[in-house]
Student: 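Pasting in a structure now, in structure tokens, and then I'll have a few things to ask.
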Amino acid sequence: MIEVKNIKKSFDGVEILKGISTTFEKGKTSLVIGQSGSGKTVFLKSLLGLFTPEEGSIFFDGKEYEKLSTAEKRHLRTEMGMVFQGSALFDSMTVSENVMFPLRMFTNQSVSEMQDRVDFVLKRVNLVDAHHKFPAETSGGMQKRVAIARAIVMNPKYLFCDEPNSGLDPKTAIVIDNLIQEITDEYNITTVINTHDMNSVMEIGEKIVFLKDGYKAWEGTNKEIFKTNNESVSDFVYSSDLFKKVRQVYLRELEG
Amino acid sequence: MIYLENIGRYFLMLKSVFSKMTKWSMLRNLIFKEIDDLIVGSMGIVCFISFFVGGVVAIQTALNISNPLIPKYLVGFATRQSVILEFAPTFISIIMAGKVGSFITSSIGTMRVTEQIDALEVMGVNSLNYLVFPKIVALSLYPFVITIAMFLGIIGGWLASIYGGFSTSADFVQGLQIDFIPFHVTYAFVKTFVFSFILATIPSFYGYYMKGGALEVGKASTTSFVWTSVVIILINYIITQLLLT
């Protein structure tokens, strides 16, 4: 479980996060949504320890991140998996080497043990023929799956995804969403996803945190988001006619 | 103020480069890769430039000797002194600042833009040690490149002198041997070793701390070349003042 208490972060005097508190539970897929510039990426990078908040605390299973020693922080990092928006695969390594990287760096496994683990996770993300390809030779969807495989290869306790569906076609986006949801359930990990994709919100948002101008404007589940009276959330989520109609149909069904 | 800030950040970067070392089995592979990219990959251009610039130095010297009282062996002497003292260590380092420096800045800068450095940090890897330390180790072989540059520069001068009819082989070789001070070679290698560290770290600094996109990677490469060259010229002056005066 990740507990965030009143975190604030500024850059060059401009306050990006203005005191956000929330909780991300184990075994659940939590989504952070909001307009561009609302502070989602800064929030996610603060959770990852890439940015240090000026105020507030982040607790990982009860342990406050800032109070951990360097060695403990390093250990905690090995329990985190991250899927970056652009996948962030190492260009000079093959798919197999990319996935094996954390194992080579942090374990003393033999080559065959590492290869078995790589084969297992690549199979888990439905990539069986891409071992020897370089990232540049694979499609955007394949790169995302490799990034997920690399993120889960160390059996992380926490999985973070920054816009995992950006640049993907709707069908591939659903495949990626389902994959993240399945992995979260299967390994009972705490998953936090930054997204703009309303389909993800409706499908896998077991918890949704809506950020606006650096504040947490709303939080709830994908069921509650249909019924909310919060104007900020409604304006953002139901900005398209299609989603407005979907909402009306859903609410009519509930009333009926 | 920005210059002072950058100098401070540069030294803090160096501190991080030498802390929390990457696993040796990983580091070893990275060092071999960097040797291939930075040292072996530069040999062609260094050999080509050294040979022909050595030739030009010899021809220029010969053409400027009009007084019959000046001995012919001066062509070999001047070529040796120019190549060993300045051309090989300093001129080649400026060229390397363009070739190797731009490569380092753009490769690390691209990793920054594409969040590969963030990915390393999230995994708990000391990205500065992982990226910069192997380059420092690989470039410690740079004096080997300069040795070849010295050798080829002198060979180029020798061949240009003989086949251009500016000097005889015997005169040229006599010039190479006359008044030879072994400490000049030591001085050249001290400079080269310091330059190798500058060549590895300043371009890495500009790549690692760059912000923005593809355009900024290009700008960072240019800035890195300018500052690497400026620092090499300044350090060259300081070392010369310290060791030769």
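Every chain is numbered from 1, with letters handed out A, B, ... down the list of sequences.
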Student: Is it the case that more than 12 heavy atoms not belonging to B:Phe189 sit under 6.0 Å from its CZ atom?
Tutor: yes
Student: Which residue out of A:Met82, A:His75, A:Met105, A:Gln85 racks up the most heavy-atom pairs below 4.5 Å with chain B?
Tutor: A:Met105
Student: Counting N and O atoms only, with roles assigned by atom type, does the side chain of B:Thr192 sit under 3.5 Å from a partner on the main chain of B:Pro89, one being a donor and the other an acceptor?
Tutor: no
Student: Name the member of A:Ser87, A:Ala88, A:Gly81 that forms the most heavy-atom pairs with chain B at distances under 4.5 Å.
Tutor: A:Ala88
Student: For side chain to side chain contact (heavy atoms under 4.5 Å, CB included), just list the numbers for B:Leu120 and A:Phe101, CA-CA rounded to whole Å, side-chain angles, deciding distance to a tenth of an Å, and then say yes or no.
Tutor: CA-CA 10 Å; B:Leu120 286 170; A:Phe101 183 85; 3.6 Å; yes
Student: Which atoms of A:Leu76 come close to chain B, meaning under 4.5 Å heavy atom to heavy atom: side chain ones, backbone ones, both, or neither?
Tutor: neither
Student: Flag the one option from A:Lys73, A:Arg74, A:Arg77 with the top tally of heavy-atom pairs under 4.5 Å to chain B.
Tutor: A:Arg77
Student: Salt-bridge test for B:Lys191 and B:Glu86: reply yes if a basic N is under 4.0 Å from a carboxylate O, no otherwise.
Tutor: yes
Student: Using a cut-off of under 4.5 Å on heavy-atom pairs, state which of B:Glu115, B:Lys33, B:Met111 scores highest against chain A.
Tutor: B:Glu115
Student: Ring centroids only, cut at 6.0 angstrom: are B:Phe52 and B:Phe48 within range, meaning strictly under it?
Tutor: yes
Student: Most heavy-atom pairs under 4.5 angstrom with chain B, which of A:Lys45, A:Met80, A:Arg104?
Tutor: A:Arg104
